2 protein chains.
Amino acid sequence: MPTRYDPADYPPFAVTVDLVVLTLRADALHVLLVERGADPWRGRWALPGGFVHPDEGLDAAAARELAEETGVRDVPGHLEQLASYGDPDRDPRMRVVSVAYLALAPDLPEPRAGSDAAGAAWVRVDDALARPLAFDHARVLADGVERARAKLEYSPLAAAFCADEFTVAELRRVYEAVWGRPLDPRNFHRKVTGVPGLLVDTGRMRAEGRGRPAALYRRGDVTTLHPPLSRD
Amino acid sequence: MPTRYDPADYPPFAVTVDLVVLTLRADALHVLLVERGADPWRGRWALPGGFVHPDEGLDAAAARELAEETGVRDVPGHLEQLASYGDPDRDPRMRVVSVAYLALAPDLPEPRAGSDAAGAAWVRVDDALARPLAFDHARVLADGVERARAKLEYSPLAAAFCADEFTVAELRRVYEAVWGRPLDPRNFHRKVTGVPGLLVDTGRMRAEGRGRPAALYRRGDVTTLHPPLSRD
DNA sequence: CGTGTTGTCGTCAACCTGACGATAAACAGC
DNA sequence: GCTGTTTATCGTCAGGTTGACGACAACACG
């Protein structure tokens, strides 16, 4: 911590939050991107974000931006800090430190462009990673996706992609989309129902058209998966 | 990301780095603390840290502070970003965002007090967590220790606490100190030598006084432990 | 009523884990 | 040298977990 705080003594920074908002659409992992309407990087796609307000904590700023950019008042799912990025030349005009957040949400409505964005859209993560993004957002996005992949192994976070009630198969499709690899339905069912406290059986069923109806579950209160679901 | 950058438009922040520097001394986990020589929190113990310079990246600032506060030019071991803390009232005089870093290092010399610190010392982590610290440093320290505990499970980071060449027993004592739990020497030896690429046998031995001499190893190039060493 | 599709339960060999016995290689004291 | 002590390393074994895959159940559709 600094010990001298003469306001003339410290270099001023701008602090922003950037959001990696992941969701599942059509069994594929998507990320929310906005098209920049102003320089620098006008016309480029970027992660949504904005300034931290003077009397606002970092988490609060991320939650506010998440609501603003998705157009949903209380976004269900999960929000956690990812990392901070502060290369001196990451923004050509001033010194900016960006605190990135990772959000995992169930399928949300199509976004509308914000005040200073030319457009907003859900983009498949594979496409977004291949596309050139503004600032250092390609790296931020890659870090966010890797964090999500890792966290599915040992945390119950996959359920954040699902609605309040969900089936084991829906949960499995989350894992398959995030890890990009098919999983054996039988082994997945065994492991996931075997973790005590992970799933709460609602007693009800859901038929989705074809096939045998599946049992509906709700999230349990467990915070760590023991043992983890290895992706090898 | 912000889209409008009128300098009159964004609230200025001070950005600092705080360091959680962990090391092993006498088979116990220690953290580097400094005694504050100025208000606020004058006389309180705090994590070392300081302002990020205008033309310096975050990682570079953390590395610079680490060298300054330990008095060692190129600190061996490991340095990674931990998290950022930016509650609006975490500093009574101005808006500060602190980017915390976690450093793991082998036993280092006794620190000397820096320019604006009244003192500096290695403190047992248990004592430091029980002691009241300046700012929100108690939480930062707790987060750092928890990160270290978790990372030992699935990463080869424990070797960062050891010298260049080390024995399996030294590595085990790292785990025991960080996890606060004794481990079975035989099972630990089996698992750790079984991970391909984790340890490189130097072919040499070291006798440390009592007992049979142990084989000396160097860090391998593996980045992830498969399977992990569970702490249960 | 068959057929296809999806969900759930069982089985089995391979592997891994933790508990712990046994042996190897040094030192200290006599 | 001999004996006990300490530390390192190798083996053994029962119990649990994993991945591969067979079997069956419960629905929709024609």
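Small disclaimer: the values here were computed from a predicted structure and weren't measured. To find a chain, count down the sequence lines: A is the first, B the second, and so on, and within it residues start at 1.
- Contacts of Thr167(B) with the nucleic acid, taken as non-hydrogen atoms under 4.0 Å apart, are absent.
- The separation between Asp201(B) atom CG and dA8(D) atom P is 15 Å, rounded to whole Å.
- Under 3.5 Å, the side chain of Arg186(A) and the base of dG7(C) form no donor-acceptor pair of N or O atoms.
- Each of dA8(D), dA26(D), dC20(C) was ranked by its minimum atom distance to the side chain of Arg172(B); first place goes to dA8(D).
- Checking the phosphate oxygens (OP1, OP2) of dG19(D), a side-chain nitrogen or oxygen of Ser230(A) falls inside 4.0 Å.
- Leu183(B) places its CG atom 10 Å from the P atom of dA19(C), with the value rounded to the nearest Å.
- Asp18(A) and Tyr85(A) share no donor-acceptor pair across their side chains, judged by distance under 3.5 Å alone.
- Taking atom CG of residue Asp184(B) and atom C1' of nucleotide dG21(C), one finds them 11 Å apart after rounding to whole Å.
- His189(A) has a side-chain polar atom (N or O) that falls below the 4.0 Å cut-off from OP1 or OP2 of dT8(C).
- Contacts of Arg210(B) with the nucleic acid, taken as non-hydrogen atoms under 4.0 Å apart, involve only primed sugar atoms and P, OP1 or OP2.
- Across the protein-nucleic acid pair, Glu170(B) atom CD and dT9(D) atom P stand 11 Å apart, rounded to whole Å.
- Between Leu216(A) atom CG and dT6(C) atom P there is a gap of 17 Å when expressed in whole angstrom units.
- Here Arg206(B) lies out of heavy-atom contact (under 4.0 Å) with every strand.
- Phosphate contact (OP1/OP2 of dC16(C), side-chain N/O of Lys191(B), threshold under 4.0 Å): absent.
- Taking the six-membered ring for Trp and the full ring otherwise, Phe188(B) and Tyr175(B) have centroids separated by under 6.0 Å.
- Taking atom CZ of Arg190(B) as the reference point, atom P of dC15(C) lies 14 Å away to the nearest angstrom.
- Salt bridge absent: Glu176(A) and Arg231(A) never bring a charged side-chain N and a carboxylate O closer than 4.0 Å.
- The nearest whole Å value for the distance from the CG atom in Leu229(B) to the C1' atom in dT17(C) is 12 Å.
- Along DNA chain D, the nucleotide nearest to Asn187(B) and the one nearest to Arg173(B) differ in position, and the one closer to the 5' end is contacted by Arg173(B).
- Of the candidates dC21(D), dG7(C), dT7(D), dT7(D) carries the atom nearest the Arg212(B) side chain, counting heavy atoms from C-beta on.
- At a threshold of 4.0 Å, the pair Asp184(A)-Arg186(A) counts as salt-bridged, since one of the basic side-chain nitrogens sits closer than that to a carboxylate oxygen.
- Both tests pass for Arg131(B) against the ring of Trp45(B): distance under 6.0 Å to the centre and angle within 45° of the axis.
- In terms of position on DNA chain C, the residue among Gly211(B) and Ala215(A) whose nearest nucleotide sits closer to the 5' end is Ala215(A).
- Per the geometry, CD belonging to Glu153(A) stands 12 Å off P belonging to dT18(D), to the nearest Å.
- Among the nucleotides dT8(C), dC16(C), dC20(C), the one closest to the side chain of Pro185(A) is dT8(C).
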